[in-house]
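Below you'll find the structure, written out as structure tokens, and then a few comments.
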Amino acid sequence: MRKYYLEFEKPIQMMEEKIAELKKHLDSDFSVELREMERKLQYMLEMTYKNLTPWQISLVARHPERPIFSDYRDKLFDDFLEIHGDRNFRDDPAIITGFATLGNYRCVVIGEEKGKGTKDKLYRNFGMPQPEGYRKALRAMKLAEKFGLPVLTFVDTAGAYPGMEGEERGQGEAIARNLFEMSALKTQIIATVIGEGGSGGALAIAVADRVLMLENAIYSVISPESCASILWRDASKGPRAAEALKLTAPELLKFGVIDEILPEPIGGAHRQPEETIAIVRKALLRHLDELVRISIPKLVQARYQRFRGLGVVQVQD
Amino acid sequence: MAWFVKPQYTIKKSATIKQNEGLWTKCPECHSIIYNQDWENNLHVCPHCGFHDKLNAFERIQMLIDPGTFVETFNNIVSADPLNFNDGTPYIEKVKNAMLKTNLKDAVVTGYGKLEGHMIELAVMDFNFLGGSMGSVVGEKITLAIENATKHKRPLVIVCASGGARMHEGILSLMQMAKTSAALKRFSDEGGLYIAVLTNPTTGGVTASFAMLGDVIIAEKKALIGFAGPRVIEQTIKQKLPPGFQSAEFLLEHGFVDIVVERKDLKSTIARVISYIKGK
Ligand SMILES: [Zn+2]
Ligand SMILES: [Zn+2]
């Protein structure tokens, strides 16, 4: 049984509970009634998830049972070796860095980690990095550049942590430095937005050759709630802000901000974490195969052009 | 500390300053009443408490650039409305109103000119235009200015004043951070000298991109400089911030700013940095 249902999933919850109840009283799986109900459930999931609003997608992106970076780390790789610290201040648990092998590729892996369970979530600061997290990520990227290893980053954060220590240690400088250095890093970089892409805190590990995004992930300059509280002084108008911000994968693909939408299993990544991670694996391997064939100068030039070209303006005569 | 400078330049009247009946100005910090002529002559710095109030972009350019040498660039780039954003007032209308209010095309003016004889590439942000927010136009013009500086091998000066990214342009405003930073990386790799000038206030996406990437970073006295705005931090940590938190002096103390200057010394300080690094 699932523990957590979103508001709009209530009919799905009722059906899943009915099926579970029925299964309890059946001796075998061969029941016409059960088959019928399961078909119906599948249809409900399909219809619901095909027609999610941007706000509902924002909720799915932050679903408590959605696979987070540590799930990818554990299921994508069987040899992950974590490396710690920014060599300057401390090790930030909100960003995990390390070495791993994916297919035939030895990689440097960087992920924003929200944590599991109350204790771990607190330890990970709910995936909101401090400056030293971004500096650790940059150190890992510099290692990748030095030894010619591709970089895989996994974006999942509400944003860089807006606290006092972060300001004292230069949160702005840390993010800016990553944008500056990543733009010309001499190795392949693939960023995958797996959940929440929260503003500068997400971009700081996403200046990449390929930016992939799961179907129900979001990527935005500001959270819908904060946007609503600034525009209308009312955080409960998040649904309206989510609509206005155009923060879903299809919108971002149109703007050229991402390169590919990775489809999630029916009913969202939280219903089938393993299948979701398998989809991500296939996409990563395909893009790695493409990127390693491009010479490094060409790759860096294309990365520059990609970000150089983003934005929409009017030019008057 | 009170000081007055001799009026060295004729300064255009700011369109937006809080002036009473055109005669007096109230200092936003200590609430002293200051005769407008003194306020203008003193470059919007309070003679009583030393508060540095905002300058508009052209006042700033007149203050920094030798008379008759400024050439504005990229003045034909204006905002589009890629998101079709409407929060009650359509974004396009907000931009039009800001244009009327400030007589600017967007929140940055770019160009080149001489600063104490040094030809520099310059970008000046204006907080009066939608809070100095960075959308596609600001990002594009600053990038073009950086590319121009790279091409002509000129020192680059960017005067920052911004509340952060312009959310009306959504993710595209976020991408301007990457765009400007990438252009600065190329400029830097070519040996370009970039002086960032941080004025009150410099926050959000501008702080997390070009504001913090100067070879030398100069801040105006008491300017608020930060990544997160003070209100956001207070809401997050559920306590009041100590006085002076995120001030220019605070950043200097923590190692994120090289020099804190009074406004009257800004031009000569920039000139000295250029002279030391590039020669006379
Ligand atoms: Zn004035
Ligand atoms: Zn005063």
Side-chain angles (χ1 to χ4, degrees), chain A residues 131 159-164 166-184 197 199-204 206-207 219-222 226-228 230-232 240-241 244-247 251-252 255-257 303-304 306-317, chain B residues 76-83 85-88 105 135-137 139-140 143 165-186 188-189 203-205 207-213 225-229 232-233 236-237 241 245-246 250-251 254-256:
Chain A
Y161 188 66
M164 280 177 77
E167 295 294 321
E168 285 163 0
R169 298 197 289 274
Q171 189 71 280
E173 195 277 340
I175 294 170
R177 189 65 51 195
N178 280 20
L179 308 181
F180 184 83
E181 294 293 343
M182 286 183 88
S183 74
S199 199
L203 183 62
V207 180
Y219 192 5
S220 180
V221 68
I222 188 169
S226 305
C227 179
I230 292 172
L231 291 180
W232 306 297
R240 196 175 153 197
L245 284 167
K246 308 269 193 289
L247 41 63
E251 299 282 2
L252 299 185
F255 290 134
V257 170
R303 191 187 309 146
Y304 183 82
R306 173 215 183 94
F307 286 94
R308 178 67 188 87
L310 290 176
V312 179
V313 299
Q314 284 185 72
V315 180
Q316 300 172 323
D317 306 317
Chain B
N76 59 341
I77 301 174
V78 295
S79 283
D81 183 12
L83 269 60
F85 200 95
N86 191 337
D87 62 19
K105 298 280 177 70
S136 298
V137 175
E140 184 65 23
T143 304
R166 190 174 297 171
M167 60 186 166
H168 312 79
E169 292 189 25
I171 194 79
L172 293 175
S173 61
L174 185 71
M175 293 301 137
Q176 305 312 307
M177 294 165 60
K179 180 158 104 183
T180 52
S181 302
L184 283 172
K185 172 69 174 157
R186 289 201 156 184
S188 181
D189 287 350
T203 59
T207 300
S209 59
F210 54 85
M212 282 293 149
L213 293 172
I225 303 157
F227 170 65
V232 173
I233 301 173
T236 306
I237 64 174
L241 291 172
F245 191 77
Q246 297 183 303
F250 172 93
L251 266 88
H254 286 86
F256 292 98

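Convention: sequence-line order gives letters A, B, ...; per-chain numbering from 1.
- Between chain B and the options A/F180, A/Y161, A/F255, A/Y219, heavy-atom pairs under 4.5 Å are most frequent for A/F180.
- No donor-acceptor pair closer than 3.5 Å links the side chain of A/W232 to the backbone N or O of B/G88.
- Considering only heavy atoms from C-beta on, A/V312 stays 4.5 Å or farther from B/E169 through its side chain.
- In this structure, chain A has no heavy atom under 4.5 Å from any part of B/D81.
- A donor-acceptor pair under 3.5 Å links the side-chain atoms of A/K246 to the main chain of B/L83, judged by distance alone.
- No donor-acceptor pair closer than 3.5 Å links the side chain of B/S136 to the backbone N or O of A/G311.
- Note that NZ of B/K185 and OG of A/S183 are 7.0 Å apart. Values are rounded to the nearest 0.5 Å.
- For the atom pair OG of B/S181 and CD of A/E181, the computed distance is 10.5 Å after rounding to the nearest 0.5 Å.
- A/L252 contributes atom CG, which lies 8.5 Å from atom CG of B/L172 (distance to the nearest 0.5 angstrom).
- One N or O on the side chain of A/E167 and one on the backbone of B/F227 form a donor-acceptor pair closer than 3.5 Å.
- For the pair A/R308 and B/E140, the salt-bridge criterion is met [side-chain N within less than 4.0 Å of a carboxylate O].
- A/Q171 CD to B/T207 OG1: the interatomic distance, rounded to the nearest 0.5 Å, is 11.5 Å.
- A/R240 touches chain B through its side chain: at least one heavy atom from C-beta onward sits under 4.5 Å away, while N, CA, C and O do not.
- Proximity to chain A (any heavy atom under 4.5 Å) is shown, for B/T180, by neither the backbone nor the side chain.
- Using a 4.5 Å cut-off between heavy atoms, B/I233 contacts chain A through both its backbone and its side chain.
- For B/A183, the parts sitting under 4.5 Å from any heavy atom of chain A are the backbone and the side chain alike.
- Using a 4.5 Å cut-off between heavy atoms, B/R166 makes no contact with chain A at all.
- Among A/V313, A/L203, A/V207, the residue making the largest number of heavy-atom pairs under 4.5 Å with chain B is A/V313.
- There is no contact between B/F210 and chain A, counting heavy-atom distances below 4.5 Å.
- Looking only at side-chain heavy atoms (C-beta outward), A/Q314 and B/V137 stay at 4.5 Å or farther from each other.
- Interatomic distance, OG of B/S173 versus CG of A/L245, reported as 9.0 Å (0.5 Å rounding).
- Note: A/C227 SG to B/H168 NE2 = 7.5 Å, rounded to the nearest 0.5 Å.
- Both the backbone and the side chain of A/L310 come within less than 4.5 Å of a heavy atom of chain B.
- For chain A, no part of B/L251 is nearby; none of its heavy atoms comes within less than 4.5 Å.
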